[in-house]
Structures are given as C-alpha cells and as structure tokens.
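Below, each value reflects all heavy atoms present in this structure, side chains not excepted, and no hydrogens, waters or symmetry copies.
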Amino acid sequence: MMTKKELFQDDVFLFNTGEAQRAYLMMGCHKVEETGEYRFCVWAPNAKGVSVVGEFNDWDPDKNPMEPHEGGLFVAYVKEAKHGDMYKYLIHGYDGQDYYKADPFAFYSELRPGTASRVYDLADYDWTDEKFLKKRARTNLQRRPVSIYEMHLGSWRQHEDGSFFTYRETADELVPYLKKMGFTHVEVMPLTEHPFDGSWGYQVTGYYSITSRYGTPEDFMYMVDKLHEAGIGVILDWVPAHFPRDAHGLRRFDGTALFEHENPMQGEMPQWGTMLFNYGRPEVQSFLVSSAMFFMDVYHIDGMRIDAVSSMLYLNFCKEDGQYVPNKYGGTENLEAIAFLKKLNSVLLTNYPGIMMIAEESSAYPLVTKPPYDGGLGFTFKWDMGFMNDSLKYMETDHLFRKYKHNNLTFSMQYAFSENYILPFSHDEVVHGKHSMVDKMFGDYWQKFASLRAFYGYIFAHPGKKHLFMGDEFAQFIEWNFAKELDWFLLDYDSHRTMQTYMKKLNAFYQKHRAFYDIEDSWEGFDWITVDDKDNSVIAFMRISTPWRGKVQKIVSVTNFTPVVHYDYKIAMPTTGVLREILNSDDPSFGGSGVKNLPEIEVTADPFHGREASASITLPPLATVYFMFDEDQTNRKQGD
C-alpha cells in the first residue's frame with residue numbers, strides 16, 4: 001500500500017523541475033475522501049518549521065505542526081478542519097523570524113481586509129457549456145470577428161448603497177447587455193485575490209483564489225457559464241509580472257527570497273513598489289503555469305490577457321544603468337522570463353486550442369505572436385499600443401492642425417501585419433487625468449460626440465481585433481473611478497443614448513461583414529484608397545475578404561476628420577462598379593447631422609491617382625462612412 005510520503009513522488013518531481021502543469025492538485029488544501037481529513041501542503045524549502053493554524057485549532061501552532069517532505073514541502077493532515085474554515089501557515093523562517101502566510105495555492109480567501117485563506121472544496125458545478133467549448137476548440141479567432149468589452153467588476157454596476165454586485169447579479173445583467181450590444185468577448189480586470197481595491201487587482205496575493213469581494217467560486221462559475229450560454233467568451237487579466245510586498249503574501253515566504261530573486265536589483269520593481277518573480281526557478285514556473293491552467297480547468301476561461309509583458313522581457317524596464325543585473329551575455333533581455341512565456345503559451349494552447357493568450361506589450365520586441373518553434377513567444381494576440389497612442393494624439397489635436405499629424409493615422413499600416421494585433425482602448429486610457437474617450441476628442445460638445453463616432457468607425461474598419469473599456473460604448477463623460485459605478489444615468493440623454501445605439505450597430509456590422517475580419521495578416525485584405533490627403537484630413541481604404549460562395553466582399557471605409565462637409569469628394573478606385581453607402585456615423589439616429597450619399601454611386605472609368613477608375617462621394621462632417629463596392633460583372637470575370 002502506498003504511504004503518505006510516496007503519494008507525492010511523481011508530482012513533487014514535476015513541481016521541482018518546473019514541469020508541473022496542475023500543481024494545484026497536490027499543493028494547498030485538499031480533502032482526503034477516504035479519511036475525511038484535510039491535507040495541507042506548502043512549499044517552504046528553507047523554513048526551520050511550519051505549522052498550519054486556523055479556526056479548526058484555535059490558531060494554536062502547537063496543534064498541527066507540518067512534517068517536512070521531499071522537494072522542500074511541508075505536509076499536515078488535519079481531521080478537525082472543515083469547509084470554509086480560515087487558516088494560515090505559521091512559518092519559522094530561515095532568518096529566525098516567524099511569518100503568518102496565506103496559502104499560495106488557496107482556492108478561496110477571507111474577505112478583505114482579512115488576509116486568511118479558507119478551506120474550500122470546489123464543488124462539481126453542473127456546467128452547461130459543452131457545446132460552446134467544443135466550438136471554441138474548432139475556431140480560428142484570427143479569421144473571426146473579436147470585439148472585446150473590458151470591465152472592472154466592482155464598478156460596472158453597484159447597489160444603491162455602493163456595495164458590489166455579486167458574480168451572479170453581474171451575470172444576470174451583464175449577459176443580456178453584452179448580447180444586445182454585440183460584443184463577442186468580455187475581458188475582466190484581475191479577479192485573483194488582492195488586498196487593496198485601489199490596485200484594481202493588479203497586485204495579487206492569491207494566484208488560485210477567485211476574489212471573495214463578489215461571491216464564491218461557484219458564483220463565478222455561474223457567471224462564466226451564463227456568458228458561454230450566450231456565446232460570449234471570457235478573458236481574464238492575469239498578472240505574472242510582479243507581486244506585492246504584503247506580509248501575508250509571497251515575499252520572503254520562508255524567510256528567504258523564494259518566489260523572487262535575492263538580489264534587490266533583480267527581485268524588486270522600485271517604481272511600482274512590488275516584487276519580481278524569479279522565472280529561472282523551476283518551482284516558480286510550476287506555480288505560475290499551474291495557476292493559468294487552473295483557471296482554464298476549473299473556471300472554463302477562454303483566454304488571458306497577460307499584464308505588463310514588457311516588464312518581464314527586459315531586465316532594465318523602468319530602471320537606469322546600475323539598477324539592474326544584465327543577462328549572462330551582457331544584454332537587457334530577461335532570458336528566463338522569455339523562456340517562461342514560451343512555456344506558458346505552449347502549455348495552455350496545447351491543452352486548450354481556441355483560447356486567446358494576449359500580450360500587453362509596449363516595446364518593439366519581435367515575434368510576440370509567432371510560435372516558439374519559429375523563435376516567437378507564442379501569444380495569439382498582442383495589444384497594438386502604438387496604434388492606440390498615435391491615433392489618440394491625433395484625435396486630441398485641433399482640426400486645423402491635424403494635417404501636421406497625418407502620419408499618426410497612416411503609420412500603423414507600416415507594421416500592421418508583423419503581429420496579430422488587438423486595437424486596445426483600455427482602462428489605462430481613461431484615468432489619471434487622461435480624460436474619458438469622448439472628452440479626449442477636440443472640439444465643442446457636438447464635435448466631441450461626432451468625432452468619437454467617426455473614430456470608432458475608423459477603428460472597426462482598421463485591421464486588428466477590437467477592444468473597448470466599459471462606459472466607452474455610451475461615451476461616459478468623466479474618467480473611470482474604480483470606487484463608483486458607471487454613470488448609467490447618462491443614457492437618459494440623447495447624445496449618450498444615440499452613441500450606445502451606434503456602438504450596437506457597429507458591432508453588428510463588424511460581425512456581419514467578412515471583409516472587416518477575414519484577412520488581417522497580409523495586404524490581400526487591405527488596399528489604400530486615400531492615404532495622403534492631409535490637407536482635408538481624410539483617410540480612405542478598402543477591406544477585402546477571401547472568396548465565399550464565389551464572391552469576394554469589398555468594403556470602402558472613408559473618414560473625414562474635420563467638421564467640414566466635402567461634396568463631390570473624389571476617390572480613386574481599382575475598377576469600375578457601384579458604391580452603396582451601408583453605414584454612416586453621421587446618421588441622425590446616431591446623433592449625426594444627416595449628411596448622406598445617394599443610394600448608388602457610379603464608379604466610372606475616370607483614372608485618378610494612378611488608378612483606372614474613380615468615384616465622387618459626399619463626406620459628412622467628422623464622420624466615417626462605409627460603402628459596399630460591387631464591381632462590374634466584366635471586372636469580376638476578369639478577376640476570376
């Protein structure tokens with residue numbers, strides 16, 4: 001019969017060699033069904049001794065001392081423990097100090113400001129999303145529409161007294177809202193346990209613990225299940241870049257630098273006041289990879305947005321010379337972090353095809369979304385921070401001077417196909433004095449709303465998946481405040497209600513028209529129409545699909561970034577045919593002025609700007625207009 005020490009042998013080996021993918025099945029607190037006792041297991045290789053203390057033993061360190069086990073583990077079996085009990089590990093550290101630590105592998109935690117872990121049996125939730133998961137595994141998202149709604153759970157909706165909605169309450173309102181608005185995915189800011197609301201979840205102390213702020217693990221399962229039932233994918237923000245210094249957390253866990261580097265120049269991020277993981281340590285790799293797998297396994301998550309990837313890739317991120325330790329070749333790349341990211345993405349995408357691994361990466365590091373076997377990091381998508389920064393600077397500029405920043409709009413196409421991009425307009429862009437999206441727009445009140453509609457139209461036509469932060473869909477006018485709910489009362493006003501109507505229409509249009517998402521990795525899906533009209537601040541291009549049922553879909557997007565109407569505006573076209581206006585951000589139903597085109601516009605054999613054909617269109621003020629382009633039958637046959 002296998003002894004308790006033998007029980008862990010294979011799992012311990014995997015954990016100690018950095019190859020564990022589900023270390024949470026061994027580590028932490030688990031009920032032993034045969035005996036009814038709970039097994040506690042913690043990694044503290046340099047501790048002089050460890051006890052598990054909790055409500056089940058009156059927090060008495062003498063009642064349940066843990067036995068040292070191979071691989072630097074300590075193990076205890078506690079018969080008195082029961083589901084829901086709070087506990088911690090009292091660690092007699094290598095440095096002679098005693099530390100009360102939360103369980104790094106706890107599945108649930110005490111509500112802040114408490115910091116204890118909880119004994120928690122994850123229930124066998126009765127999932128109903130099998131069909132959704134099977135479809136996910138067959139889907140190539142790079143050829144599908146992706147429109148992401150980013151949200152902070154605590155401030156999307158609140159009760160009248162300012163208390164949080166639970167996961168279940170959020171699900172019951174969020175699911176129909178997202179379905180109505182047409183978003184394909186929701187990205188939730190970090191829900192792993194964290195002690196400080198003001199960190200927005202980005203300083204994590206519980207990498208396996210869904211935050212207790214909004215309910216139980218089963219409540220969160222319900223939320224994910226309901227989103228899947230509506231066909232909406234769930235992306236979680238996940239933070240493997242750093243962790244806080246809180247006493248109950250990972251820092252100096254056993255009296256030594258266990259999860260971090262011992263050298264402060266390697267183990268600390270002074271600018272953030274946080275600690276940096278030691279990615280070269282095998283057990284840290286097992287800890288982090290298993291955390292990501294845990295949320296896929298247990299909560300059916302459809303993707304992860306990895307926070308602060310640049311800070312992981314570069315040893316000198318936010319550091320001056322002399323504040324960091326170069327790699328073994330004398331360079332600034334964090335070789336261990338690079339290897340870890342490749343492993344992370346390989347493990348998750350192998351186990352769960354069809355999920356998204358998204359890098360928030362702001363540098364020019366190459367091949368972020370290429371597979372590791374081709375020298376890449378293996379992410380499926382990367383945030384296009386350059387597009388976001390350049391385009392917002394343009395939109396903040398006086399209309400009269402935009403011609404001097406025309407390159408801000410066109411530069412993105414010089415690198416658009418180098419990675420698989422998401423165009424991110426996230427929470428970071430509407431805080432800390434940056435203004436809300438609508439308030440960033442230059443001009444008077446009407447011009448701000450018109451500009452935002454035009455800008456969204458431009459974004460949705462541009463190559464790259466779409467990403468908006470909550471409130472941006474109805475033009476929240478003040479900056480996001482994590483402590484209060486969105487200003488939903490604004491929907492009582494026409495300008496905000498019609499903006500929401502426009503976003504609903506835009507999402508529906510995007511999903512319906514293959515030309516806008518079918519080819520996003522080459523010039524075959526994009527053709528410049530008007531690229532250099534800086535004097536009029538006009539951008540025009542054509543999006544092109546692959547053939548489907550014998551037909552190639554072609555849509556021309558034209559944006560006028562000035563408040564001046566352009567009549568008989570001439571655009572160059574590749575061939576003759578007909579243009580039909582199919583969406584106009586200046587439509588009165590969206591709050592626009594109602595300047596429209598004729599139902600059909602002939603594209604004639606009148607050469608212009610080096611093309612064999614041209615058309616004259618009307619451009620409304622501060623507006624984006626989409627035209628369906630139907631080529632002449634003779635052109636189609638010649639093209640075939």
Would you say the ring centers of [X] and [Y] fall short of 6.0 Å from each other?
{"X": "Y214", "Y": "F165", "result": "no"}
{"X": "F287", "Y": "F15", "result": "no"}
{"X": "F220", "Y": "Y299", "result": "yes"}
{"X": "H83", "Y": "Y108", "result": "no"}

[X] (side chain) donor-acceptor with [Y] (main chain) under 3.5 angstrom:
{"X": "K319", "Y": "M265", "result": "yes"}
{"X": "N481", "Y": "A483", "result": "yes"}
{"X": "K88", "Y": "W59", "result": "no"}

Under the side-chain hydrogen bond (donor to acceptor under 3.5 Å, both in side chains) rule, collect the residues that match up with [X], sequence neighbours excluded.
{"X": "T380", "result": "none"}
{"X": "T350", "result": "none"}
{"X": "Y38", "result": "D121"}
{"X": "S286", "result": "none"}

Please enumerate all residues that pass salt bridge (Lys or Arg N to Asp or Glu O under 4.0 Å) together with [X], with sequence neighbours excluded.
{"X": "K179", "result": "none"}
{"X": "E130", "result": "K134"}
{"X": "D302", "result": "R136"}
{"X": "D129", "result": "none"}

Between [atom1] of [X] and [atom2] of [Y], what distance do you get to the nearest 0.5 Å?
{"X": "L344", "Y": "M304", "atom1": "CG", "atom2": "CE", "result": "8.0 Å"}
{"X": "L227", "Y": "H185", "atom1": "CG", "atom2": "NE2", "result": "11.0 Å"}
{"X": "M470", "Y": "W480", "atom1": "CE", "atom2": "CH2", "result": "6.0 Å"}
{"X": "D85", "Y": "Y120", "atom1": "CG", "atom2": "OH", "result": "13.0 Å"}
{"X": "L348", "Y": "F379", "atom1": "CG", "atom2": "CZ", "result": "10.5 Å"}
{"X": "F105", "Y": "M27", "atom1": "CZ", "atom2": "CE", "result": "5.0 Å"}

Kindly check if the number of other-residue, nucleotide or ligand heavy atoms within 6.0 Å of NZ (K135) is above 12?
no
Inspect the surroundings of OH in Y94 and state if more than 12 heavy atoms from other residues, nucleotides or ligands are less than 6.0 Å away.
no
Taking the side chain as C-beta and beyond, is there a heavy-atom pair between W127 and H300 under 4.5 Å?
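Yes, at least one pair of side-chain atoms sits under 4.5 Å.
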Can you tell whether the side chains of [X] and [Y] come within less than 4.0 Å, N to carboxylate O?
{"X": "D11", "Y": "R22", "value": "no"}
{"X": "E110", "Y": "R118", "value": "no"}
{"X": "E268", "Y": "R245", "value": "yes"}
{"X": "E173", "Y": "R157", "value": "yes"}
{"X": "K31", "Y": "E37", "value": "no"}

[X] and [Y]: side chain donor to acceptor below 3.5 Å:
{"X": "S362", "Y": "W383", "answer": "no"}
{"X": "Y89", "Y": "D103", "answer": "yes"}
{"X": "S209", "Y": "S109", "answer": "yes"}
{"X": "T170", "Y": "W156", "answer": "no"}
{"X": "S155", "Y": "E485", "answer": "no"}
{"X": "D225", "Y": "T128", "answer": "yes"}
{"X": "N57", "Y": "E80", "answer": "no"}
{"X": "Q158", "Y": "K484", "answer": "no"}
{"X": "N278", "Y": "E260", "answer": "no"}
{"X": "T211", "Y": "R213", "answer": "yes"}

T216 and Y167: side-chain contact (heavy atoms from CB on, under 4.5 Å), yes or no, with the steps?
CA-CA 8 Å; T216 67; Y167 294 116; over 6 Å; no
Just say parallel, tilted or perpendicular for the rings of [X] and [Y], cut-offs at 30° and 60°.
{"X": "F40", "Y": "Y87", "value": "perpendicular"}
{"X": "F243", "Y": "F277", "value": "tilted"}
{"X": "H242", "Y": "W272", "value": "tilted"}
{"X": "Y149", "Y": "F183", "value": "tilted"}

With sequence neighbours excluded, tell me which residues meet side-chain contact (heavy atoms from CB on, under 4.5 Å) with D98.
L90, H92
For residues 198-208, which residue pairs qualify under side-chain hydrogen bond (donor to acceptor under 3.5 Å, both in side chains), counting only residues two or more places apart or in two chains?
Y202-D237
Heavy-atom pair of closest approach, residues V12 and G71
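The answer is CG1-CA, 3.9 Å.
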Set of ring-ring contact (aromatic ring centres under 6.0 Å, His included) partners for F13, sequence neighbours left out
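Applying ring-ring contact (aromatic ring centres under 6.0 Å, His included) to F13 gives none.
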Can you give each donor-acceptor pair under 3.5 Å made by side-chain atoms of residues 42-51, sequence neighbours left out, with the distance rounded to 0.1 Å?
from, atom 1, to, atom 2, distance (Å)
N46, ND2, D254, OD2, 3.3
N46, ND2, T256, OG1, 3.0
S51, OG, P61, O, 2.8

